[in-house]
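Just below is one structure, and these are the notes that go with it.
Each chain gets a letter, A, B and so on, in the order the sequences are listed, and its residues count up from 1.
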Amino acid sequence: MSQREKYAIEIKNVTKIFGPDPQSALDLLKKGKSKAKVQAETGHVVGINDVSIHVEPGQVYVVMGLSGSGKSTLIRHVIRLIDPTSGEIYVHGTDVLGMSLPELREFRRTRIAMVFQKFGLLPHRSVIDNVAYGLEVRGIGKQERRMAAQRWIDTVGLSGYEESQPHHLSGGQQQRVGLARALSMDTDIILMDEAFSALDPLIRSGMQDELLKLQAELNKTILFITHDFDEALKIGNRIAILNDGAVVQEGRPEDIVLNPTDPHVEQFVADVNKARAIHVHTIMDVDVSESCEFSVPDTARCEDVLPLFADHEWVGVVDSEGNRVGRISARRVIKALARYHKAVTTGP
Amino acid sequence: MFPDVIDTKILRFWVDDGLTWVVRYWGDGFEAAAYPLLQLLISIERFLLWLPWWFIIVLLVGLAWLSTRNWKLPAVVFVGLLFLGVMDLWEDSIKTMALMITATLTAIAISLPVGIVMSRSQPFRRIMMPVLDLMQTLPSFVYLIPVVMIFGPGKIPALIATIIYASPPLVRLTDLGIRMVDPAVMEASRAFGTTPRQRLLGVQIPLALPTILAGVNQTTMMALAMVVIASMIGAGGLGYQVLQGIGRLEVSRGLFAGLGIVVLAIIFDRISQSFGKQLQARIGMAEKRT
Ligand SMILES: Nc1ncnc2c1ncn2[C@@H]1O[C@H](COP(=O)(O)OP(=O)(O)O)[C@@H](O)[C@H]1O
Ligand SMILES: [Mg+2]
């Protein structure tokens with residue numbers, strides 16, 4: 001049990017099949033038939049297929065996949081907006097599938113908040129009443145919930161729009177309302193289903209930065225869904241890649257970029273800006289004997305050190321306390337970018 | 001000629017005898033059950049007749065202004081009401097208004113719950129759809145006869161016939177309005193731990209309100225369309241004047257009373273439509289549609 005409680009979210013062998021008789025389709029699936037085969041033979045759609053993921057507290061865990069790969073189906077399972085055909089789901093060790101309806105409502109009201117791709121704002125309510133909605137459902141008094149809502153409206157930068165109607169705001173502003181609504185719940189887990197996908201690239205990038213900033217302050221557990229591999233690399237501590245409802249690879253962003261184990265993943269990796277994805281500490285030389293004129297922190301990415309190679313052959317890498325942990329050269333970076341599989345030993 | 005397969009005479013006897021039986025044994029019960037309806041109609045009628053004429057004008061012109069924030073509709077309403085007064089149609093108009101208001105209120109009280117249940121229960125909707133189709137396509141004279149037989153001529157059968165005729169669009173639009181609520185909004189509401197009741201009252205009904213209001217508007221219009229027929233079985237008011245005009249071949253009487261009905265139709269149609277548009281604009285539906 002203690003093992004179970006270690007994880008904020010644990011999804012274990014969850015399969016979801018849409019259709020009138022999911023059990024028969026499940027048998028076929030278990031015999032190893034593909035999603036397409038099952039659909040052709042039974043007319044049942046495989047939403048997700050035997051997915052297991054473990055999200056540790058404080059992590060930003062990204063599930064990435066193309067449209068139709070089952071991302072939304074997966075994240076909906078965490079708060080049981082969908083019941084699985086088979087499998088188990090635990091949140092902080094609590095069996096979500098074992099909850100009664102009132103328990104489930106209480107769980108949704110107090111333990112988890114969610115941000116939606118299509119925002120899901122209440123169009124007949126003002127911004128502040130939207131942000132306070134979750135607290136209202138929880139039964140918090142008007143005064144108190146509006147005060148909490150105001151704080152998060154200020155945090156996401158919407159001060160002055162409290163009394164506006166959602167449809168008078170831009171897409172980016174509406175999603176800030178969605179984000180503030182989730183944050184105001186003050187839950188330690190937040191689910192985000194393609195929360196930024198509907199936004200313009202520039203605004204999306206800004207929202208990603210803000211999310212990372214907020215996460216550094218609040219240290220929430222975030223399960224983040226996206227179809228954008230660059231976004232996954234930018235914000236994820238860990239990434240699971242879904243294809244046809246099944247996880248094809250799971251790991252740290254740089255491991256996936258350096259070592260794609262699946263042709264489907266390789267396609268994503270081929271298009272990605274690897275200099276941004278790869279942290280220098282994963283490809284550095286752990287030799288610390290020779291001194292370097294210039295050092296970067298071990299959180300730096302390849303793109304951060306590239307300009308330094310104009311003047312230095314070797315650049316040092318230091319940990320958060322300032323101790324040298326290794327060094328890196330242009331050669332190593334270029335090798336990694338050219339995707340020589342794990343050319344060097346990994347860092348700490 | 002199509003061959004005689006069955007003897008329809010027997011079938012007709014069955015129906016007729018059945019109805020006679022119902023009238024004989026249950027007639028009083030039905031009448032007693034409909035009595036509160038009559039009370040409602042009479043009180044509304046008395047109240048409206050008790051109000052001074054200028055107060056009703058101020059009230060309706062005020063509503064027209066509130067619904068549009070514009071002088072055009074209030075002016076139309078004002079001229080229309082003056083026409084009713086000047087043409088000596090005031091009292092009949094009030095009686096017709098009372099019938100329409102009573103029928104509409106009753107239709108709302110019945111149709112809203114029915115529409116709500118339809119929107120949540122597929123089997124119930126499957127049963128109700130043909131019933132509504134029947135109510136809308138069956139010529140009103142067909143159910144006028146049994147209704148009159150059961151209740152006797154008078155205001156109650158007129159009211160009931162009007163309600164039967166005017167309810168279906170409101171039921172349909174309530175059902176439609178609730179089912180059209182954006183599933184993304186419903187899901188978000190569910191994710192925050194709402195109960196079905198909280199979703200119904202806090203999300204579905206407020207978002208379906210413009211559609212429901214369109215239904216109320218149609219119900220009012222259909223109730224007005226019934227007033228001439230209703231007056232044949234005992235409802236007074238403008239419809240009765242039209243009927244008299246026909247009976248006595250007084251074209252003028254029929255024409256003016258008919259115009260009076262048109263005036264009422266315009267007033268209530270425009271005011272309720274404008275309120276609907278206001279509501280739509282508030283929740284951003286108007287923009288989405290265009
Ligand atoms: N309610 C449903 N009924 C039937 N099929 C569904 C339903 N929801 C999702 N699906 C199917 O499940 C698969 C995964 O969908 P989804 O989870 O929405 O994918 P994603 O979010 O990655 O785009 C798709 O093939 C989709 O058509
Ligand atoms: Mg999706």
Side-chain angles (χ1 to χ4, degrees), chain A residues 72 75-82 99 101-126 129-140 164-169 174 177-178 181-182 184-185 187 189-195 198, chain B residues 67 69 112 116 119-123 126 173-174 176-216 274-290:
Chain A
S72 296
I75 202 168
R76 280 173 173 79
H77 275 91
V78 179
I79 44 172
R80 248 178 94 188
L81 289 170
I82 298 178
M99 291 178 185
L101 212 56
E103 280 170 348
L104 180 62
R105 268 182 220 130
E106 191 58 27
F107 168 72
R108 288 174 179 163
R109 283 176 192 175
T110 54
R111 306 286 298 278
I112 283 195
M114 189 158 172
V115 184
F116 299 86
Q117 175 173 10
K118 291 180 192 154
F119 317 144
L121 303 178
L122 301 172
H124 59 299
R125 285 168 160 241
S126 63
D129 284 335
N130 263 288
V131 174
Y133 184 62
L135 298 175
E136 181 181 334
V137 174
R138 199 184 279 172
I140 310 269
S164 307
Q165 298 293 124
H167 63 275
H168 288 145
L169 305 182
Q174 289 191 35
V177 178
R181 179 173 66 176
S184 72
M185 300 284 283
T187 53
I189 301 178
I190 295 184
L191 309 177
M192 302 179 78
D193 186 2
E194 303 218 27
Chain B
S67 71
R69 311 270 162 177
L112 273 190
I116 289 169
S119 72
R120 341 193 96 200
S121 156
Q122 192 68 38
R126 225 170 278 147
L173 284 169
T174 304
L176 184 74
I178 290 179
R179 281 185 301 117
M180 271 194 342
V181 169
D182 187 354
V185 177
M186 285 301 286
E187 180 175 51
S189 174
R190 225 150 64 91
F192 282 95
T194 47
T195 59
R197 191 191 160 83
Q198 282 173 319
R199 285 195 293 279
L200 179 69
L201 298 179
V203 182
Q204 291 177 302
I205 290 188
L207 294 188
L209 212 52
T211 314
I212 294 175
L213 215 64
V216 172
S274 307
F275 273 122
K277 272 191 204 133
Q278 250 182 32
L279 209 62
Q280 276 189 1
R282 235 197 21 239
I283 62 176
M285 265 172 71
E287 284 142 71
K288 229 189 280 171
R289 292 257 164 93
T290 52

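Between the CZ atom of R181(A) and the CG atom of D129(A) there is a distance of 12.0 Å, given to the nearest 0.5 Å. A distance of 9.5 Å separates CD1 of I140(A) from CE of M185(A), quoted to the nearest 0.5 Å. The OG1 atom of T211(B) sits 12.0 Å away from the CD1 atom of I205(B) when rounded to the nearest 0.5 Å.
Residue contact with chain B, scored on non-hydrogen atoms closer than 4.5 Å, is absent for R138(A). Neither the backbone nor the side chain of L101(A) comes within contact range of chain B; no heavy atom of the residue lies under 4.5 Å from a heavy atom of that chain. For chain B, no part of F107(A) is nearby; none of its heavy atoms comes within less than 4.5 Å. Q198(B) touches chain A through its side chain: at least one heavy atom from C-beta onward sits under 4.5 Å away, while N, CA, C and O do not. Using a 4.5 Å cut-off between heavy atoms, L81(A) touches chain B through backbone and side chain atoms alike.
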Run Q204(B) and R120(B) through side chain to side chain donor-acceptor pair (under 3.5 Å) and show every step you take.
CA-CA 11 Å; Q204(B) 291 177 302; R120(B) 341 193 96 200; 3.1 Å; yes
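By number of non-hydrogen pairs under 4.5 angstrom with chain B, the leading residue of E136(A), R76(A), R80(A) is R76(A). For the set A188(B), G202(B), P206(B), A184(B), the count of heavy-atom pairs under 4.5 angstrom toward chain A peaks at A188(B).
The closest side-chain donor-acceptor pair between S189(B) and R199(B), if any, does not fall under 3.5 angstrom.
Of all heavy-atom pairs between P210(B) and L279(B), the closest is N-CD2, 3.9 Å.
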